[in-house]
Colleague: 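Below is one structure. I have some questions about it.
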Amino acid sequence: MSQPHPIKVAALYRFAAFDEPARLQPQIADLCIAHGIKGTILIAHEGVNGTIAGSPEGIDAVVAFLKTLPGCADLDVKYSHAKEMPFYRMKVRLKKEIVTLGVEGIDPKREVGTYVQPEDWNALISDPDTVLIDTRNDYEVAIGTFEGAIDPRTKAFRDFPQWFRENRDSLAEGKTKFAMFCTGGIRCEKSTAFLKAEGIDEVYHLEGGILKYLETVPAEASKWQGECFVFDDRVSVKHGLELGTKELCRACRHPISDEDKQSPAYQEGVSCPACFNERSEADRERYAERQKQIALASKRGKQHIGVNPRAL
């Protein structure tokens with residue numbers, strides 16, 4: 001990897017039992033603000049999840065505090081770097097689930113699939129007895145996934161249980177192992193816990209998610225194809241967690257490529273092929289006005305809130 005840029009980015013999560021998550025919300029928010037940290041942290045009775053960015057010292061201070069919370073000593077954290085701050089503000093939100101599956105009784109703290117290290121992942125997914133499932137949303141899968149992975153084409157993670165139940169028999173035909181992966185590992189933990197609850201015995205998931213794999217496994221040995229969507233204004237990353245080539249449609253927040261920009265449906269800040277038919281003319285007029293304000297702010301040498309501060 002090249003020389004790290006000044007902004008440190010931490011993608012983190014941990015399933016843990018928080019008796020009173022509402023009491024943690026102001027503590028975490030105040031600490032982040034005091035250190036100039038921006039991003040989003042979700043807290044619920046089942047744990048903590050989020051992505052934050054800031055100075056290395058500030059990020060280290062927040063991560064150190066989170067590790068003192070009950071059950072969070074082994075907080076899962078993946079670091080990367082950005083040239084500019086990829087978030088606009090700091091949000092600490094209370095949620096029912098830190099990643100929404102929508103199935104009662106699923107508890108990764110109690111039962112979860114077998115963790116597989118990135119360096120062992122290729123062997124597992126190359127096994128003809130393995131069903132490989134990408135648990136991410138369709139727009140994430142569209143820009144990159146593992147060789148041979150099944151795309152459920154879900155719009156949201158809460159759609160995964162229904163998809164699995166409807167396709168279970170065909171997926172399992174002649175197979176005994178189920179391997180699943182996601183961006184950073186959190187959706188994998190929930191989905192493998194769900195499969196175990198559904199009676200699937202051999203369930204595996206990629207520890208640390210795609211991000212850890214791209215950081216650990218060299219490109220020449222990789223079975224990853226494309227780029228990995230990330231939920232901040234870097235938009236996507238490649239091997240070594242280097243910045244990807246994708247940008248973000250400001251109308252629907254889906255990743256767009258240079259090819260997408262050649263489409264008649266693309267207008268900067270207004271529409272892209274993914275959302276053109278899903279937005280009204282009134283929506284596009286509103287987006288066009290916002291894009292006009294972004295351009296005017298740029299001429300004045302100021303950054304409008306809608307600008308994408310790409311990390312290089």
Side-chain angles (χ1 to χ4, degrees), residues 10-33 37-52 62-63 65-78 87-113 115 133-140 152-166 180-200 203 205 208-209 211 229-232 252-254:
L12 56 91
Y13 79 92
R14 183 67 178 174
F15 286 101
F18 293 164
D19 293 332
E20 297 181 90
R23 293 184 61 185
L24 300 175
Q25 184 181 27
Q27 297 178 47
I28 296 171
D30 289 347
L31 181 64
C32 289
I33 291 169
I37 302 301
K38 296 181 181 180
T40 300
I41 291 179
L42 308 179
I43 50 176
H45 285 288
E46 68 176 8
V48 60
N49 175 31
T51 304
I52 53 177
V62 174
V63 168
F65 173 76
L66 293 176
K67 287 185 175 182
T68 68
L69 300 180
C72 290
D74 293 327
L75 183 74
D76 186 293
V77 189
K78 284 165 288 297
F87 300 107
Y88 299 115
R89 59 185 67 85
M90 185 66 223
K91 296 175 286 186
V92 181
R93 292 177 171 172
L94 289 172
K95 305 288 277 186
K96 183 177 179 180
E97 298 179 73
I98 57 173
V99 58
T100 304
L101 185 66
V103 178
E104 293 292 335
I106 300 301
D107 185 2
K109 300 187 301 298
R110 183 180 64 246
E111 186 174 42
V112 73
Y115 295 93
I133 303 174
D134 194 328
T135 65
R136 300 172 302 152
N137 300 329
D138 55 2
Y139 63 90
E140 299 172 75
R153 300 185 182 278
T154 51
K155 298 294 182 184
F157 187 50
R158 64 166 55 251
D159 298 333
F160 181 82
Q162 180 179 344
W163 173 84
F164 179 78
R165 286 165 174 163
E166 290 175 351
M180 293 183 285
F181 63 93
C182 60
T183 307
I186 186 170
R187 281 179 283 187
C188 298
E189 292 212 35
K190 267 285 182 81
S191 58
T192 58
F194 168 71
L195 259 66
K196 296 288 281 187
E198 293 288 297
I200 303 295
V203 186
H205 70 132
L211 295 180
F229 181 82
V230 290
F231 293 89
D232 59 59
C252 65
R253 300 194 66 79
H254 281 200

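Since the structure is predicted, the reported quantities are computational estimates derived from the model, not experimental observations.
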Colleague: Determine the minimum heavy-atom distance between Ala22 and Pro26, stating which atoms define it.
Modeller: O-CD, 3.3 Å

Colleague: I'd like to know if the side chain of Gln25 and the backbone of Val92 have a donor-acceptor N/O pair within less than 3.5 Å.
Modeller: yes

Colleague: Within a 6.0 Å radius of atom CD on Gln162, are there more than 12 heavy atoms belonging to other residues, nucleotides or ligands?
Modeller: no

Colleague: What I'd like to find out is whether the side chain of Phe15 reaches to under 4.5 Å of the side chain of Ile186, using heavy atoms alone.
Modeller: yes

Colleague: Given the rule in the side chain to side chain contact (heavy atoms under 4.5 Å, CB included) test, do Phe87 and Thr40 qualify, once you have shown the distances and angles that lead to the verdict?
Modeller: CA-CA 9 Å; Phe87 300 107; Thr40 300; 5.6 Å; no

Colleague: Tell me whether Arg110 at atom CZ has more than 12 heavy atoms from other residues, nucleotides or ligands lying less than 6.0 Å away.
Modeller: yes

Colleague: What is the minimum heavy-atom distance between Ile98 and Val48, and which atoms define it?
Modeller: CD1-O, 3.6 Å

Colleague: Using the side chain to side chain donor-acceptor pair (under 3.5 Å) definition, which of the options Lys109, Arg14, Lys190, Lys96 pairs with Glu46?
Modeller: Lys190

Colleague: Is there a donor-acceptor pair under 3.5 Å between the side chain of Glu189 and the backbone N or O of Gly185?
Modeller: no

Colleague: Run the side chain to side chain contact (heavy atoms under 4.5 Å, CB included) test on Glu111 and Asp107 for me, step by step, so that the C-alpha distance in whole Å, both residues' side-chain angles and the decisive distance to 0.1 Å come before the verdict.
Modeller: CA-CA 7 Å; Glu111 186 174 42; Asp107 185 2; over 6 Å; no

Colleague: What heavy-atom pair brings Pro70 and Ala16 nearest, and what distance separates the two atoms?
Modeller: O-CB, 3.3 Å

Colleague: Test side chain to side chain contact (heavy atoms under 4.5 Å, CB included) on Leu12 and Asp76; report intermediate values, then the result.
Modeller: CA-CA 5 Å; Leu12 56 91; Asp76 186 293; over 6 Å; no

Colleague: For a 4.5 angstrom cut-off between non-hydrogen side-chain atoms, does Val62 reach Ile52?
Modeller: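 Yes, their side chains come closer than 4.5 Å.
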
Colleague: Check whether any side-chain heavy atom of Leu195 sits under 4.5 Å from a side-chain heavy atom of Met180, and report yes or no.
Modeller: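 Yes, their side chains come closer than 4.5 Å.
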
Colleague: Only one of Leu101, Asn137, Thr192 passes side-chain contact (heavy atoms from CB on, under 4.5 Å) with Arg187; say which it is.
Modeller: Asn137

Colleague: Heavy atoms only: give me the nearest Cys32-Ile41 pair and the separation to one decimal.
Modeller: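 Closest heavy-atom pair between Cys32 and Ile41: SG-CD1, 4.2 Å.
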
Colleague: Classify the ring geometry of Phe160 against Phe157: parallel below 30°, tilted from 30° to 60°, perpendicular beyond 60°.
Modeller: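 The arrangement is parallel - the two ring planes meet at less than 30°.
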
Colleague: Which atoms form the tightest heavy-atom contact between Cys182 and Thr135, and what is the distance?
Modeller: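 Of all heavy-atom pairs spanning Cys182 and Thr135, the closest is CB-OG1, 3.4 Å.
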
Colleague: Start with the C-alpha distance between Val112 and Lys196, add both sets of side-chain angles, then the distance that settles side chain to side chain contact (heavy atoms under 4.5 Å, CB included), and finish with yes or no.
Modeller: CA-CA 7 Å; Val112 73; Lys196 296 288 281 187; over 6 Å; no

Colleague: Spell out, as yes or no, whether a donor-acceptor pair under 3.5 Å connects the side chain of His205 to the backbone of Phe181.
Modeller: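 Not a single qualifying donor-acceptor pair exists.
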
